[in-house]
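In what follows, every chain begins at residue 1, and chains take the letters A, B, ... in the order their sequences are listed.
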Amino acid sequence: MKTAKKPVKTPAKAVKAPAKPKVAFFDFACCEGCQLQITNLGETLLDILGAVDVVEFREAISEKWDKDYDVVFIEGSIGDHHAEERLKKIRARARVLIAYGSCATIGGVNGMKNSFPLDEIRASVYGKDYKLFDSTPTKAVHQVVKVDYFINGCPVYAPEILEVIKHALRGLPYTVPDNPVCAECKLNENVCMYERGLACLGPWTRAGCNSWCVNNGNICYGCRGSVSNPSKAAQDVISKYNLKPELITGKFDMYNKCKENDEKPGRGK
Amino acid sequence: MTTQLVREEIRNSNWKLRTGRIIAARQMTPAEKWFDIALDDGELDHEPGQFVQVELFGVGEAPISVCSSPTRKGSFELTVRAAGRLTRHMHALGKGDVIGIRGPFGRPFPVKKMSGNDLLFVAGGLGIAPLRSLINYVMDNRREFGKVDILLGCRTPKDMLFGDEVARWQKRLDVGFNCTVDRTDPDWKGNVGLITTLIPGVTINPERTFSVVVGPPIMYKFVIAELLKKGVPEKQIVLSLERHMKCGMGKCGHCQIDHPRNYYCCKDGPTFTYDEVKDSPKL
Amino acid sequence: MNQHILKKEELDAFIKKLSKRMKVVAPVAKGHDNFAFAEVSSAEEIALKYIPTILPPKKYFMPVREKVLEFSADARGFTQKPVVEYEETAIFGVHTCDLAGISCLNMVFSERPRDYNYLIRKDHLFIIGLECLTYCDGHASCALVNAHNPNGGYDLFFTDLGDRWIIHVNTQKGEALVEGLPRASTADLAALDKARAAKREVFRNEIGVEAKKLPEIFSKAMKSKVWHGVGGRCVSCGNCTNVCPTCYCFDMTDSVGLDLRTGERTRTWDSCQFETFAKVAGNENFREERSERQRHRYFRKFSFPLDKFNRFFCTGCGRCTRTCMSKINLKDTLKELAAEHN
């Protein structure tokens, strides 16, 4: 074994010790369940707290920080003008911004709002005076500001949080796997949901969750968004298992309606 | 009974890294950086056309062609284009930094077969990097080869790599030289156009000429067509192909070439003669 | 070597005895006609009649994720420790198709430069084969590639003779485990011959094209239209390669701890069906189309290994067809290629 005589330098862009990076969490339209995932990390959380300095975290602490942030986690989707402005202000103060959880990365369930005419849905929620309440079609975080890291999932998958934090601390890009969930599910030797007679979104959804849901007996709901080049062969999958294609597209809309913002120029960003 | 998981150290592991220290580095263009690396355990012991796997601690590995000739002792050189995750990260490194090295890997240029023959080098863009290991080898052993011609092409004059060295080759009386750029700038007095336009102007004796061509995949098709037109035999057109070599040992599968013989670029190549790979749909 | 006899009611005692020495894994039922190799401690947990497991036993030879190097970099410099991790394991009930798969992997990883991680681990795996006397299902094509009969590669090999198994002992390690079991009698050996003879009537070339014709068919298949049909259906989920007993492509990744100083290199299974597999930095993709990737998979089974190892890297297990999300069928593809060739 060789021991080098000189220390290995960490590349310039990485966040440098000894000053611990200031980390903050902000929530927008969401259930805050992804923030709870942080507190669910258990012992790993203590290790993370040894590496970073959490300055804002509504689920656990209440102090207010008025300087810039090294890393901010944005949870939730953007559903009104006020949220959009607030997000832009946070971005201006953040060196690294992480979209955290499905609502932030792909719009998530809040995107279902976009399936209806805006005024119709506002009226149904707020009643006849709905115009008094600000509301816009749902956007994912990257459809409003630049995002440096994406942590997908509803909720986020704990090992992936850790991976992204380590990448962010070292200034390295993190690549979300661009393979379908099946790729990981097969390695876990789960009985395919289609074999059980259930339509699962695994063949089109981005992996990286280690097929968490299927391992625990659930189908994949598509909460990590679709792979960048989804197969057009849905028809073949469906025909093999005698299912209706509308079933799949309908299921996908539950989490992925905001994807249309990326596809239609002039909307979104 | 569940047995214990045994963890054993492997002395002769394929994954053991050689440690290398960057002894000099220079930004050549905004996209390309040059590194001179000395290994702690001695010479790299490579041949022209081979590559190494560069490991940056915790970031991963990437295959990089050695751009210096083995005739130059004590260290070896790499030209790294910031194109992927590892190479971008490597651009942040400089003198004194330690990197991991595996290799050298790959089949070198067929130097022995080429000796005694004429040589026509054709380099496009970053292709000059692997080719430089051979050109400098030939310059250092000039008597062993016949007539030597070098043709270079790059996008703009600013993208020209190894400018000083290229100028020295240009001045040599025993080397024919020509270069061209795709897009010119006000200071450029040379040729403008694709590298293929330079080939008809070179006088060669095709029977005894080896043409070594290295460049982006798109370049091969057109350059090879020109060389064949000139009568260079398929067996004497030598290429260096680009693939993503991940293991360097002909196993991981990433670098396999679409060809009835399914070559592993890392082991069967990266240098191939045209007749070996001409049945591949994509070079 | 010798042949021994194990009565069916004695299997439980055999497994229990074996599991005192090492970890024992065997096919277990997972429901919906799915099976997987998993740890067992008694005979009743084992699915003796099973169709090929979701993942082949290659998962014990080259684990899905495998640490190959530990390293740390700090003020003192860079240190490393190349490692192999293994567990003394007996794999019980391996069908002949999977034995063929293991012997393919053995050839690949013994080829220079040798893969010590694989070779060291292999020496700690004990293989007990189990003969198929009938087809598992209609997706198998083991007779095409002659993988329906045992061709070595095991320590012990079980063949069902009704109320008992006849065990072929192939190694010294195997000899130690059948100690105390009675030797097979002439009648037992005759019963084995009879079973094998009956098998010849059952197992027939499944595609109606002789295996020796396949190399010629593939030599013309690079530009075949068949790949467009196959690629058009492909989901690029990688199921076909993950479940293949002879696929061994892998990826290497580095990970670090939260201290950002210590870390490890891991080898993980990869798939040539993934869009990023043949992509290089700078975004050139040498197998961008699904059809190109599927063609590559078939060439890796029926063309390339023939030149290199003088055998097919398809064992006819049928897993790729069974697992495909979109009805890509190996037997049908071969038939289509053959038809196009004629």
Open item on the list: Pairing donors with acceptors under 3.5 angstrom, does anything connect the side chains of B:Glu276 and B:His259?
Closed with: no
TODO: Please flag which part of B:Pro63 lies under 4.5 Å from any non-hydrogen atom of chain C: side chain, backbone, both or neither.
DONE: neither
Task: Close aromatic pair by centroid cut-off 6.0 Å: B:Tyr264 and C:Phe304 - done: yes
Task: Interface moiety of C:Asp251 toward chain B, non-hydrogen atoms closer than 4.5 Å - done: both
Task: Candidates B:Glu32, B:Lys33, B:Gln27 - the one meeting side chain to side chain contact (heavy atoms under 4.5 Å, CB included) with B:Thr29 - done: B:Glu32
TODO: Against chain B, label C:Val256 side chain, backbone, both or neither, depending on which of its atoms sit under 4.5 Å from a heavy atom there.
DONE: side chain
- [ ] Tell me, for C:Lys308 versus chain B, whether the close heavy atoms (under 4.5 Å) come from the side chain, the backbone, both or neither.
- [x] side chain
- [ ] Using non-hydrogen atoms and a 4.5 Å limit, figure out which bit of C:Glu111 sits close to chain B: side chain, backbone, both or neither.
- [x] both
Task: Between C:Lys67, C:Met252, C:His124, the one whose heavy-atom pairs under 4.5 Å with chain B are most numerous - done: C:Met252
Task: Interchain contact, C:Arg114 with chain B, by part (heavy-atom threshold 4.5 Å) - done: backbone
TODO: May I ask you to decide whether B:Asp279 forms a salt bridge with B:Arg261, counting only side-chain N to carboxylate O separations under 4.0 Å?
DONE: no
Task: Interface residue of largest heavy-atom contact number with chain B, from C:Phe71, C:Tyr86, C:Tyr248, C:Phe218, under 4.5 Å - done: C:Tyr86
Task: Heavy-atom pairs under 4.5 Å with chain B, option from C:Glu264, C:Arg267, C:Lys223, C:Arg112 with the top count - done: C:Arg112
Open item on the list: If only side-chain N and O atoms count, and only distance matters, is there a donor-acceptor pair under 3.5 Å linking C:Glu340 with C:Ser224?
Closed with: yes
